[in-house]
Novice: 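I'd like to ask you about the structure that follows.
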Amino acid sequence: MFDSLSEGLQSAFKSLRGKGKLTEGNMREGLDIVQRSLLEADVSYPVVQDFMQHVSERALGKKVLLSLRPEEELVGIVQSELTAILGPVDSSLHLKTEGPTIIMMCGLQGSGKTTTCGKLSQLLKEQKVTPLLVAADLQRPAAIEQLKVIGQQLDVPVYAEPDNKNPVEVCNNGVARAKELGSRVVILDTAGRLAIDEELMAELAKIDKKVSPDQVYLVVDGMTGQDAVNSADAFNKALELDGVVMTKLDGDARGGALLSVKHVTGVPIKFIGTGEHFDALEPFRPEGMASRILQMGDIVAAAHEAHRIVDDREREELEAKMASGDFTLDDFKNMMEKVSKPGLMGRMMGLMPGMGQFKDALESDEAAGGIRQTIGAINSMTAEERRNPKVIDSARRSRIAKGAGVQTPVISQLIKQFEFMKPMMQAMAGGSVMDRAKMMSQLQGAMSQGNGSLDGLRTKGSTGKRLSNAERAKMRKEREKLKRRKKRQGK
Amino acid sequence: MVFWRSKKKVDDSAAESASPSEAPVQGEAEIQAEVPPEQPAAPAPAAPASAAQPVASAAQPVAAEAPSSTAADDPPAKKGGLFARFKSGLQKTRQALNTDIRDLFKDEGRLVDDEFLGELFAKLIRTDMGAGPAEELRDDIAKRYRGRKVQLSDIIGSITEQTREMLRQDAAPLNLPGTPSVILVVGVNGSGKTTSIGKLSNHLVGQGKKVVLGAGDTFRAAAVEQLTIWSQRIGCDIVTGKPGADPASVAYQTVDKAIEIGADVAIIDTAGRLQTQSNLMQELDKIRRVVSKKIENAPHEVLLVLDATAGQNALSQASGFSDAAGCTGIVLAKLDGSARGGVILPIRRQFQLPVKFVGLGESIEDIAPFDADQFASALFSD
């Protein structure tokens with residue numbers, strides 16, 4: 001399978017272009033790739049068919065057929081259609097001004113209802129609202145304890161009746177307690193159930209009728225497959241949902257089920273769960289999700305992730321250093337340490353559009369070892385050497401190598417690599433957005449080409465990206481230009 | 001998947017439907033193989049028709065519908081123009097031209113055309129087997145039967161039979177050689193690990209085995225309590241650690257305990273983790289190492305619990321967990337819903353991981369050894 005939809009389309013259209021004019025028939029080939037990509041992302045088949053009809057109508061228009069880069073046009077159409085279907089965004093909880101707002105969570109077993117209850121509480125607490133959690137999952141062993149522990153961790157009251165076997169009563173009593181306490185929000189954690197289990201679905205409908213929650217949220221596992229249409233439909237019919245929360249999107253699941261759910265229920269998607277911690281609940285962004293389903297990376301999520309690693313003050317300091325050219329090996333080491341957390345770099349790359357291909361290379365043990373080696377080598381240098389690597393002569397080099405337990409060429413390589421990166425960093429930090437974008441592509445090119453001497457980050461073997469001779473030549477020219485500019489500035 | 005419940009009934013009806021349906025399909029395939037000159041002729045009539053389609057559709061959109069519609073008494077446009085009526089009149093002729101000569105005089109059955117193949121594809125995709133395998137099966141059918149008249153049920157029957165054959169090969173019971181034998185249970189969050197362990201232990205206890213549970217999920221709130229409740233219901237020993245304790249130490253103590261009390265099986269629970277969280281995956285490796293220090297060759301079984309509702313991500317799960325924990329088998333949980341769990345087909349093909357048990361509900365006895373026959377017939381049923 002292709003790494004991403006855009007790559008698949010690129011290769012398909014590349015072979016088509018050789019045949020001259022793009023025709024409707026050729027375009028169908030591209031559309032088949034789109035369809036397949038959606039199916040691989042677990043979008044349900046009936047939904048895919050419906051979606052493809054929309055896309056085909058637009059894709060077979062003259063504008064696309066006559067355009068120079070039809071694959072880009074097609075990806076653009078698919079993405080905009082996806083975004084349109086997944087939207088509009090509405091991640092507010094619509095709290096009532098008076099009396100408690102009752103939020104009911106429902107879903108299949110193991111979709112993440114209880115964890116999501118905790119995350120919602122955290123979100124509400126950040127808005128200075130303390131909710132009351134009601135443990136209405138009387139099926140699963142220790143479900144009540146789980147909610148209680150979560151309540152303790154978040155310092156949120158939990159209402160439970162361990163001996164009562166009637167969830168309707170528990171919910172009603174819970175709401176009554178909320179009124180006593182003056183809580184503004186009540187969150188009902190119901191038991192997981194299968195959509196075809198009529199008895200339990202009727203029970204859910206009964207809670208809905210007797211307790212009349214203001215908001216009913218369906219919690220959907222991000223890894224759900226084709227069955228998403230059936231279960232979402234059943235829940236929607238029994239309950240009239242008000243929103244959807246998709247969980248477990250911190251992994252590599254593409255979450256196509258969300259499209260199916262949205263298609264059958266039509267209710268807004270409120271939040272996505274992106275981790276096990278209570279703050280890992282994000283407001284839903286259709287653009288990001290569309291990119292994810294198409295495996296095209298999500299620059300916003302990447303930026304978000306980056307912010308999580310480096311706080312703003314640190315980042316500003318680093319950027320200032322980079323811009324002024326004061327960027328030392330010490331700073332380089334700091335950066336390396338930040339990114340060398342296991343799995344982190346790969347995740348970042350996976351989120352960055354067009355960088356998905358480096359994901360595997362960076363996640364391998366070899367790459368992690370390379371980064372460790374680099375950090376070790378820098379640790380073996382004196383403060384002066386770190387500030388000014390130019391002073392490192394052959395004697396110093398062998399001393400450092402001995403200290404780090406590596407061969408001397410590794411040290412020369414590291415210094416070369418650093419010298420190569422420094423001007424780039426400087427331009428990155430100091431330049432305009434355009435400059436940065438250019439630099440990024442250059443870096444990408446250098447990395448994929450394999451002669452950019454970013455050896456600490458690179459593993460042997462193909463990186464999967466093939467460049468034409470013209471592209472390679474262009475890249476070389478850019479680099480030369482950069483070197484010249486650096487020389488001029490140095491003198 | 002309702003079939004799973006009524007075991008007797010399924011066997012009978014499956015046997016009934018499978019044997020007559022299978023025979024003609026295979027017979028046809030043989031005929032085709034015997035007459036090689038015929039073979040290129042089969043797809044040939046279809047090709048010009050589809051080539052002509054764009055031209056026709058440019059002239060009259062209604063006409064494009066005509067070749068794909070199969071029922072003769074279903075004119076695509078009742079109020080269409082003269083041309084459309086003329087077209088629909090020609091429908092029968094057109095259909096005859098598209099039909100393989102061997103099937104011309106067959107009354108029942110449907111023409112294997114794009115619409116037929118589309119329907120088949122929908123049925124295949126519905127099982128979660130994934131676009132790749134579904135396309136392969138569809139193209140195989142297209143190659144063998146395009147332009148011929150068949151029953152959809154016959155085709156499904158033959159695919160079911162293929163699937164059954166494929167799955168039957170790996171009927172693998174639990175490998176429990178030693179006393180104690182160690183079973184490690186892994187999987188993503190919410191796939192049903194703890195519940196499956198409860199049911200599996202009960203199953204083993206029912207076989208007269210002495211079981212010790214190890215509550216290795218020290219991360220999730222109340223996971224230890226959950227397993228403790230199961231152990232009380234079953235009446236077996238359990239080893240627990242404090243919340244946040246090192247799961248490897250709990251695993252070690254569990255094995256210790258199992259040796260001490262002379263248990264037959266030690267089952268170790270782990271916290272749910274996504275296969276992309278490499279540090280958590282390394283933790284599984286550590287548990288493996290620790291357990292193997294105590295007993296050679298342990299863990300004897302590493303069971304990956306997969307959610308039957310999961311889609312293509314299950315492939316990534318199988319690969320990630322196999323790499324990190326060396327899975328030996330799969331427990332397919334939550335198969336009592338409307339999901340089919342067809343993703344185990346590509347998993348079986350890529351990773352040779354056999355399914356050992358299926359989970360069929362929340363009560364203690366809702367677990368069954370995997371049965372390829374039942375699974376295959378339920379996979380493509382309506």
Side-chain angles (χ1 to χ4, degrees), chain A residues 1 24-25 35-42 44-46 48-49 108-112 114-115 118 139-150 153 192 194-197 221-228 230-231 234 247-248 250-254 256-257 276 341-343 346-347 350 363, chain B residues 1-2 54 118 121-122 125-128 130-132 134-135 188-192 194-195 198 219-230 233 243 272-279 281-282 307-314 316-317 320 333-334 336-343 361-362:
Chain A
M1 189 52 206
E24 262 190 49
Q35 167 164 347
R36 193 180 160 143
S37 173
L38 291 172
L39 287 173
E40 293 285 343
D42 287 324
S44 297
Y45 189 55
V48 171
Q49 279 181 309
L108 301 176
Q109 287 97 339
S111 53
T114 309
T115 308
Q139 299 281 327
R140 189 166 56 96
I144 297 177
E145 278 74 33
Q146 189 184 350
L147 201 65
K148 275 186 180 163
V149 173
I150 289 174
Q153 285 170 350
L194 292 168
I196 55 164
D197 190 332
D221 187 328
M223 300 176 230
T224 315
Q226 297 288 321
D227 195 48
N230 303 326
S231 51
T247 57
K248 305 185 204 171
D250 43 335
D252 57 355
R254 284 163 68 184
E276 289 192 89
K341 284 183 201 155
R347 216 157 81 225
E363 263 184 350
Chain B
M1 283 294 145
V2 213
F121 188 62
I125 281 290
R126 165 82 185 79
T127 67
D128 275 319
E135 271 170 15
V188 296
N189 315 59
S191 58
T194 309
T195 309
F219 180 81
R220 202 199 69 200
V224 174
E225 284 83 345
Q226 191 181 344
L227 198 66
T228 309
I229 293 175
W230 278 110
R233 283 186 193 170
R273 64 203 72 211
L274 299 180
Q275 66 277 15
T276 48
Q277 296 162 330
S278 28
N279 46 343
M281 295 308 279
Q282 278 164 20
D307 187 334
T309 54
Q312 298 310 299
N313 191 253
S316 161
Q317 289 172 29
K334 306 184 204 173
D336 47 333
S338 44
R340 310 288 168 112
V343 73
E362 284 183 295

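Every chain is numbered from 1, with letters handed out A, B, ... down the list of sequences.
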Novice: I'd like to know whether A:Glu145 forms a side chain to side chain contact (heavy atoms under 4.5 Å, CB included) with B:Val224, so could you lay out the CA-CA distance, the side-chain angles of the two residues, the decisive distance to 0.1 Å, and finally the verdict.
Specialist: CA-CA 10 Å; A:Glu145 278 74 33; B:Val224 174; over 6 Å; no
Novice: Looking at A:Asp42, A:Leu194, A:Val149, which makes the most heavy-atom pairs under 4.5 Å with chain B?
Specialist: A:Asp42
Novice: Under 4.5 Å heavy-atom distance to chain A, tell me which part of B:Val188 shows up: side chain, backbone, both or neither.
Specialist: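 Contact with chain A: side chain only.
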Novice: Which atoms of A:Ala195 come close to chain B, meaning under 4.5 Å heavy atom to heavy atom: side chain ones, backbone ones, both, or neither?
Specialist: neither
Novice: For the residue pair A:Pro141 and B:Trp230, what are the closest heavy atoms and their distance?
Specialist: CG-NE1, 3.8 Å
Novice: Contact between B:Thr309 and A:Gln226 at the side-chain level, heavy atoms closer than 4.5 Å - yes or no?
Specialist: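 When only atoms from C-beta onward are counted, A:Gln226 and B:Thr309 do not touch, as no gap falls below 4.5 Å.
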Novice: Quick one: are B:Ser191 and A:Met223 in side-chain contact, heavy atoms under 4.5 Å?
Specialist: no
Novice: Counting heavy-atom pairs under 4.5 Å to chain B, which of A:Gln153, A:Gln49, A:Lys148, A:Gln109 comes out on top?
Specialist: A:Gln109
Novice: Just give me the residue among A:Thr115, A:Leu39, A:Ile144, A:Leu147 that pairs up with chain B most often, heavy atom to heavy atom, under 4.5 Å.
Specialist: A:Leu39
Novice: So how far is it from B:Arg220 CZ to A:Thr114 OG1, rounded to the nearest 0.5 Å?
Specialist: 8.0 Å
Novice: Check whether B:Glu225 gets within reach of chain A through its side chain, its backbone, both or neither, counting any heavy atom under 4.5 Å.
Specialist: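 When you check distances to chain A, atoms from both the backbone and side chain of B:Glu225 fall under 4.5 Å.
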Novice: Who wins among B:Asn189, B:Leu274, B:Asp128, B:Ile229 for the most heavy-atom pairs under 4.5 Å with chain A?
Specialist: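 Result: the option with the highest number of such pairs is B:Asp128.
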Novice: Search all heavy atoms of A:Glu40 against all heavy atoms of B:Ala131 and return the closest pair with its distance.
Specialist: OE2-CB, 3.7 Å
